[in-house]
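Read the structure below first, then the notes.
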Amino acid sequence: MQPEIYLYNTLTRRKERFEPRRPGEVSIYVCGVTPYDDAHIGHARPAVFFDVVRKFLRAAGYRVTFVQNFTDVDDKIIARARERGMDPLELARRYSQSYLEDMDRLGVERADIYPRVSEHIDDIIRMIQGLIEKGAAYASEGSVFFSVESFPGYGKLSNQRVDELVAGARVEVDPGKRAHLDFALWKAAKPGEPAWDSPWGPGRPGWHIECSAMSLKYLGNSFDIHGGGLDLVFPHHENEIAQSEAYTGEAPFVRYWLHNGLVTLGDEKMSKSLGNFVTVQEVLKEHHPAFVRYAVLQHHYRSPMEFGGEQLETMKRGWLRLNRTYQQLAGAAPAAGVDEARKAGAPEELLHAVQRTRERFFAAMADDFNTAAALASLFELLREVRPLLGQSPDDGAKAALGAARAVLEELGAGILGVLTLDPLDPAGDTGGRSDELVRELVNLIVEIRSEARAARDFARADRIRDALQRLGIVLEDRPDGTRWSFKE
RNA sequence: GGCGGCAUAGCCAAGCGGCUAAGGCGGAGGUCUGCAAAACCUCUAUUCCCCAGUUCGAAUCUGGGUGCCGCCUCCA
């Protein structure tokens with residue numbers, strides 16, 4: 001199944017038909033993190049989104065190569081390491097490891113390659129040399145700068161005019177630069193900083209060059225998708241284009257530029273420099289990873305996403321319902337293909353619903369990765385299926401439930417990763433607020449109340465329930481007995 | 001100052017020229033229940049920030065406003 005895929009290309013500011021460089025193969029490079037602190041939700045969003053992109057493309061029949069870098073040589077890493085009296089590379093190693101672990105917990109599949117700047121100094125130096133030879137860069141006082149003037153297409157990604165940029169520039173004037181907009185490819189070492197030998201003396205790579213050098217190395221001169229946050233469009237990606245195309249002499253460097261919207265907190269961009277961030281680890285203390293994915297995918301990837309507490313709680317109800325139904329389904333029937341279910345006598349109407357779900361899901365995803373619409377298709381299937389779950393289904397209905405289960409597994413669990421079979425609200429979940437003694441006491445009280453109910457002493461039963469409610473304990477009387485849990 | 005993006009029901013959120021404006025939350029009514037809760041069913045925008053225009057037809061295109069957000073300095 002290889003549907004026609006359309007995606008919004010930042011370069012052209014239009015939705016375009018997706019045609020990879022080589023049929024059936026997709027090469028993706030996503031800008032990774034500068035590991036000097038814990039990952040926050042603003043990092044989780046692109047990670048989850050591009051994880052879904054990758055899984056969807058694979059489901060659509062493409063072979064996907066996925067590269068994500070670590071910028072492990074950087075001013076902020078050096079500064080942080082100095083504060084802590086640590087080796088910068090060691091600090092970067094530690095935080096890149098914790099980044100990977102956080103993303104693992106979010107169900108993000110590992111990239112095929114995680115190139116690091118520190119391991120590609122030679123490639124970077126070679127590229128800088130090439131740029132100097134081509135007249136696109138110049139050495140100055142131990143540093144090397146890219147000459148923006150030498151690249152006529154500068155500004156095409158961010159739609160900026162060079163003269164306007166100069167007018168609004170807030171960049172400090174670097175004495176070694178010939179022109180305002182020129183940017184560093186190689187920075188001369190300052191005392192006490194990590195440095196590598198180069199033809200221009202000891203130093204380290206500038207910020208933008210690494211992504212060019214490493215993406216070209218692993219994916220070739222014109223790869224398919226380059227992703228990252230909207231805040232990277234300028235100058236980072238603009239500069240990447242200039243360096244790469246000047247170096248290879250080939251355009252386009254990247255066929256499709258995809259940029260995800262930013263995560264906001266209180267309508268302000270979440271970022272480390274503003275200090276208003278929520279780390280992935282903090283979020284995962286309170287929320288299931290599959291729910292975090294759900295919250296991300298509930299928004300279209302290009303829209304801004306507010307990550308506020310109350311909104312999450314209301315979103316969670318929907319997610320819980322989706323998952324409860326999925327879990328009931330998993331308990332009710334073995335997964336089955338549609339054809340298989342048809343042979344087992346499943347009602348045609350339900351099988352159509354299952355197939356329609358799949359079609360809608362793929363159509364939504366093929367339309368610029370519309371994950372919100374894709375999720376809606378799952379809810380629509382649930383509506384068809386739920387009435388059957390209340391009753392004891394006959395064999396045909398059971399087969400249909402199996403088909404529904406299979407499609408949810410494929411789409412909701414496999415591609416989106418928003419469904420889980422983990423227990424969601426096990427009876428007696430203490431939420432970390434209680435110990436064995438409290439649990440036993442509540443069990444005892446509930447037991448006594450059940451005896452009162454059996455004796456039809458409802459006044460007493462209600463009094464117990466009300467009293468427990470005031471203590472933050474919620475009771476549910478079900479056909480199979482009373483269940484209790486702490487109030488959220 | 002320049003460049004982008006966004007504005008759709010009480011809230012979140014799809015929709016990108018034409019079937020009844022997805023879906024979720026909430027709300028209302030109902031089934032079930034000793035009563036609740038949970039679950040399930042039904043209903044819940046004659047209308048898409050404002051004003052002009054293009055078109056047989058616009059939430060969707062064009063022009064002009066208004067309001068938010070982002071980028072132009074490190075940032076996913």
Side-chain angles (χ1 to χ4, degrees), chain A residues 6 8 10 13-15 30-34 36 39-47 49-50 71 74-76 79 155 157-161 163-172 181 207 227-236 238 259-264 267-274 277 294-295 298-300 302-306 308 310-319 321-322 324-325 328 360 364 367-368 370-380 382-383 386-391 425 453 456-459 461-462 465-466 469 474-479 482-483:
Chain A
Y6 287 82
Y8 182 89
T10 308
R13 289 177 291 283
R14 272 204 308 267
K15 249 188 226 179
V30 176
C31 278
V33 296
T34 301
Y36 72 99
H40 60 67
I41 298 302
H43 302 116
R45 158 119 105 149
F49 170 65
F50 285 105
T71 302
D74 169 90
D75 289 347
K76 276 175 304 204
L157 180 69
S158 54
N159 199 30
Q160 308 270 354
R161 290 195 354 232
D163 48 344
E164 292 290 354
L165 280 170
V166 173
R170 281 189 271 166
V171 190
E172 267 179 61
L181 289 176
W207 174 37
L230 215 44
D231 52 353
L232 294 180
V233 173
F234 190 90
H236 186 54
E238 193 69 59
H259 291 100
N260 60 274
L262 303 177
V263 178
T264 60
D267 283 334
E268 222 182 15
K269 175 184 167 183
M270 182 183 289
S271 86
K272 284 184 199 168
S273 26
L274 289 172
F277 57 91
Y294 175 88
Q298 191 72 320
H299 299 75
H300 185 87
R302 277 189 284 116
S303 306
M305 171 186 164
E306 167 71 14
E310 277 177 43
Q311 278 168 31
L312 283 181
E313 290 314 316
T314 59
M315 235 186 275
K316 181 167 263 174
R317 290 167 190 266
W319 176 77
R321 236 157 59 90
L322 188 69
R324 276 199 202 111
T325 310
Q328 275 180 276
R360 283 191 186 160
D367 182 15
D368 198 28
N370 192 336
T371 53
L375 278 171
S377 73
L378 301 187
F379 277 103
E380 276 160 7
L382 295 194
R383 206 172 36 213
R386 268 195 295 252
L388 286 178
L389 281 168
Q391 327 150 7
D425 54 351
R453 289 182 68 225
R456 303 191 69 79
D457 185 357
F458 296 122
D462 288 353
R465 184 171 61 196
D466 292 347
Q469 168 108 37
V474 185
L475 266 49
E476 286 176 32
D477 296 325
R478 300 182 174 231
T482 299
R483 192 153 113 171

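Just so we're on the same page: letters track the sequence lines, and every chain starts at 1.
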key: Whole-Å gap separating P (C12(B)) and CZ (F379(A))   =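 Atom-to-atom, F379(A) to C12(B), this comes out as 17 Å.
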key: Between A37(B) (P) and R465(A) (CZ): distance, integer Å   = 9 Å
Please work out if [X] contacts a base, only the sugar-phosphate, or nothing of the nucleic acid, heavy-atom cut-off 4.0 Å.
{"X": "L262(A)", "value": "base"}
{"X": "G42(A)", "value": "base"}
{"X": "T10(A)", "value": "nothing"}
{"X": "S271(A)", "value": "base"}
{"X": "R383(A)", "value": "sugar-phosphate"}
{"X": "H299(A)", "value": "sugar-phosphate"}
{"X": "Y8(A)", "value": "sugar-phosphate"}
{"X": "L475(A)", "value": "base"}
{"X": "V233(A)", "value": "nothing"}
{"X": "D462(A)", "value": "base"}
{"X": "D477(A)", "value": "base"}

Test item: F379(A) and L322(A) side chains (from C-beta on) under 4.5 Å apart, heavy atoms = yes
ask   = With a 4.5 Å limit on heavy-atom distance, are the side chains of V263(A) and H40(A) in contact?
value =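 Of all side-chain heavy-atom pairs linking H40(A) with V263(A), none is under 4.5 Å.
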message = With rounding to the closest Å, how many angstrom separate the C1' atoms on G26(B) and U62(B)?
response =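 Those two atoms are separated by 38 Å.
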query = Expressed in whole Å, how much space separates the P atoms belonging to A59(B) and C51(B)?
reply = 13 Å
message = Is there, by distance only and without an angle test, a donor paired with an acceptor across the side chain of D163(A) and the base of G2(B) below 3.5 Å?
response = no
message = So for R13(A) and G4(B), does any side-chain atom that can act as donor or acceptor lie under 3.5 Å from a complementary atom in the base?
response = no
inquiry  = Any strand counts, and the cut-off is 3.5 Å on both contacts for Watson-Crick or G-U wobble. Which nucleotide pairs with C49(B)?
reply    = G65(B)
remark   = Under a 3.5 Å limit on both distances, the Watson-Crick or wobble mate of C40(B) is G30(B)
Please determine whether a side-chain nitrogen or oxygen atom of [X] lies at a distance below 4.0 Å from atom OP1 or OP2 of [N].
{"X": "T71(A)", "N": "A76(B)", "answer": "no"}
{"X": "N159(A)", "N": "G4(B)", "answer": "yes"}
{"X": "R14(A)", "N": "C16(B)", "answer": "no"}
{"X": "R324(A)", "N": "A39(B)", "answer": "yes"}
{"X": "R317(A)", "N": "G26(B)", "answer": "yes"}
{"X": "R386(A)", "N": "C40(B)", "answer": "yes"}

query = Looking at the side chain of K269(A), which of A39(B), C3(B), A76(B) is the nearest nucleotide?
reply =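 For K269(A), the side-chain atoms sit closest to A76(B).
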request  = Specify the residue among H40(A) and A459(A) whose closest nucleotide of RNA chain B lies further upstream toward the 5′ end.
outcome  =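 This one resolves to A459(A).
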key: First of Y294(A) and N260(A) reached from the 5' end of RNA chain B, by closest nucleotide   =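 The answer here is Y294(A).
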